[in-house]
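Inspection log for the structure reproduced underneath, given as structure tokens.
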Amino acid sequence: MSFNRKSGAITSLIYGDREIIADGKGPVFNAFRQYTDNDRNPLGDWENHDFWYKAGLHRLKRELKDFKVNKISPQVVRLVANITCTGNNNVGFEHYCTYTIFGNGCINLDNRFEPFGELPILPKIGMVMTVDGTYENFIWYGRGPHENYPDRKVSADVGIYRSTVCGQYVPYVRPQDNGNKEDVRWAALTDESGAGLLAVAEDVLSVTALHFTALDLTATHTHQLTPRRDITLCLDYRQNGLGNSSCGPPVLEKYALRPEPGRFSFSIRPYIPKMGKIEIVARRSLPSR
């Protein structure tokens, strides 16, 4: 495992003899999803429909302000990173991420964020990372099996679901954000042998795993998209609701993601089948700190 001391992010994560994190793109703070048809008019004002791009949420500039490493015990190391994520017009987020790294390969990420500037309703808040495309099998304990969002989840029961990353893509005629899963307790990406990466929420997360980045989904029609080999995995604190702005009222206030300080935590863990059933392994507590 390695970190970039200039960015404060994980650049390589190897479990066994396989590199899980691809292209040096470990988890980083993210506050953008591609527009859905309903996101285009959340304030009832069609003249202001590109407000997430205008705020620069799609290309946050990340500047590492502080990076500290502490050895807690022979088997535990803690890294604390303070990163300023800035969009346009002096808006953005202060992100504080504490990585607790255990000798067995588990990594706990405790995230705290503080918005600054005049930000609009936010599309989402969370972490995004790139996982090697070998880990195509997608398993999650949360709402499913179809895509669901904060205000579109009554029909999606909580359960353990098994699918593929390819199977998460929803081919809307006009490409847009898709495939989200709400109230996820844990999720895993595994290869053909059943080995891979397990992400376990402290509470619950919104999770998306696709062969597209958010910016890939700017195409006009689905047939113009080319899936990437690797996987974009989003582990989110919250998603903004969808509302009905494509033809009706905007998102209800109780589902709106306002720019307010918050905290969320999850762990990334190695998994191989000989450890036991994945649903049992996911319930195990992290080692003592």
Side-chain angles (χ1 to χ4, degrees), residues 1-2 9-28 101-109 126-148 156-171 175 178-201 205-214 216-217 222 225-236 266-284 286:
M1 176 182 182
S2 63
I10 298 172
T11 54
S12 178
L13 178 61
I14 298 173
Y15 286 149
D17 59 354
R18 302 274 297 280
E19 188 171 39
I20 300 269
I21 289 181
D23 298 329
K25 297 178 180 177
V28 295
I101 304 165
F102 300 92
N104 64 356
C106 295
I107 309 166
N108 192 75
L109 290 83
M127 301 285 274
V128 60
M129 60 190 291
T130 303
V131 177
D132 187 273
T134 305
Y135 301 94
E136 171 65 17
N137 297 310
F138 182 47
I139 311 165
W140 73 98
Y141 176 30
R143 292 191 180 270
H146 50 271
E147 70 169 5
N148 49 91
D157 292 334
V158 173
I160 296 176
Y161 298 95
R162 289 173 167 81
S163 183
T164 63
V165 176
C166 286
Q168 299 311 296
Y169 177 65
V170 182
N178 67 92
N180 183 63
K181 305 296 185 294
E182 287 290 310
D183 299 331
V184 176
R185 282 71 167 173
W186 56 262
L189 292 171
T190 64
D191 61 15
E192 291 182 354
S193 73
L197 174 148
L198 174 64
V200 181
L205 296 169
S206 299
V207 177
T208 310
L210 294 170
H211 284 292
F212 303 99
T213 68
D216 288 340
L217 300 174
T222 290
L225 293 174
T226 301
R228 294 173 182 260
R229 175 190 176 276
D230 292 327
I231 299 161
T232 298
L233 176 64
C234 294
L235 303 171
D236 294 326
F266 61 87
S267 61
I268 294 174
R269 312 180 186 187
Y271 175 76
I272 55 175
K274 72 178 184 180
M275 295 169 67
K277 292 184 177 180
I278 196 166
E279 56 266 36
I280 296 175
V281 174
R283 292 171 58 187
R284 294 174 184 164
L286 290 171

Gap between atom SG of C234 and atom CG of L205 - 0.5 Å precision:
11.5 Å
Kindly indicate, with the supporting measurements, whether the criterion side-chain contact (heavy atoms from CB on, under 4.5 Å) is fulfilled by M1 and I107.
CA-CA 10 Å; M1 176 182 182; I107 309 166; 3.4 Å; yes
Distance check, rounded to the nearest 0.5 Å: E279 atom CD versus W186 atom CH2?
5.5 Å
Supply the atom-to-atom distance I272 CD1 to T190 OG1, rounded to the nearest 0.5 angstrom.
12.5 Å
Lys/Arg-Asp/Glu bridge criterion (N-O < 4.0 Å) met for R18, D191:
yes
side-chain contact (heavy atoms from CB on, under 4.5 Å) for L286 and R269? Distances and angles first, verdict last.
CA-CA 9 Å; L286 290 171; R269 312 180 186 187; 3.7 Å; yes
How long is the span from the OG atom in S163 to the NZ atom in K181, to the nearest 0.5 Å?
7.5 Å
Compare every heavy atom of A282 with every heavy atom of L198, then report the nearest pair and how far apart it is.
CD2-CA, 3.9 Å
Would you confirm whether N178, through its side chain, and V170, through its main-chain N or O, come within 3.5 Å as a donor-acceptor pair?
yes
Which value, rounded to the nearest 0.5 Å, describes the distance between R185 atom CZ and R283 atom CZ?
12.5 Å
Donor-acceptor check, side chain of H211 to backbone of T232, threshold 3.5 angstrom: yes or no?
no
Evaluate the criterion side-chain contact (heavy atoms from CB on, under 4.5 Å) for residue pair L233 and L197; output intermediate values, then yes/no.
CA-CA 11 Å; L233 176 64; L197 174 148; 4.3 Å; yes
Member of I10, I231, L13, I21 meeting the side chain to side chain contact (heavy atoms under 4.5 Å, CB included) criterion with M129:
I21
Minimum-distance pair of heavy atoms, taken over all atoms of P270 and M275
O-CE, 3.6 Å
I'd like to know if the side chain of N137 and the backbone of T164 have a donor-acceptor N/O pair within less than 3.5 Å.
no
Would you check if L189 and F138 make a side-chain contact, meaning some heavy-atom pair closer than 4.5 Å?
yes
Close side-chain approach of I160 to I278, heavy-atom, < 4.5 Å:
no
Determine, step by step, whether T11 and S2 satisfy the side chain to side chain donor-acceptor pair (under 3.5 Å) criterion, reporting the C-alpha distance in whole Å, the side-chain angles of both residues, the deciding distance to 0.1 Å, and the verdict.
CA-CA 6 Å; T11 54; S2 63; 2.9 Å; yes
pair P27-L235: side-chain heavy atoms closer than 4.5 Å:
no
Would you check if Y169 and L225 make a side-chain contact, meaning some heavy-atom pair closer than 4.5 Å?
yes
Taking I20's backbone N and O only, do any of them form a donor-acceptor pair with Y135's side chain (distance below 3.5 Å, no angle check)?
no
Would M127 and V28 count as a side-chain contact (heavy atoms from CB on, under 4.5 Å) here? Give the steps.
CA-CA 5 Å; M127 301 285 274; V28 295; 5.6 Å; no
Using modelled atom types and a 3.5 Å cut-off, is there a donor and acceptor pairing between side-chain atoms of Y271 and backbone atoms of G194?
no
Residues passing the side-chain contact (heavy atoms from CB on, under 4.5 Å) test with E19, sequence neighbours excluded, are S12, I14
Can a side-chain donor-acceptor contact be found between T208 and N180 if the only test is distance below 3.5 angstrom?
yes
Extract all donor-acceptor atom pairs below 3.5 Å that involve side chains of residues 140-147 and protein atoms in other chains or at least two apart in sequence.
| from | atom 1 | to | atom 2 | distance (Å) |
| --- | --- | --- | --- | --- |
| W140 | NE1 | R143 | O | 3.0 |
| R143 | NE | D183 | OD2 | 2.6 |
| R143 | NH1 | K153 | O | 3.4 |
| R143 | NH1 | A156 | O | 2.8 |
| H146 | NE2 | S155 | OG | 3.0 |
| E147 | OE1 | G179 | N | 2.7 |
| E147 | OE2 | Y172 | OH | 2.2 |

Heavy-atom distance under 4.5 Å between the side chains of D236 and V128, does that happen here?
no
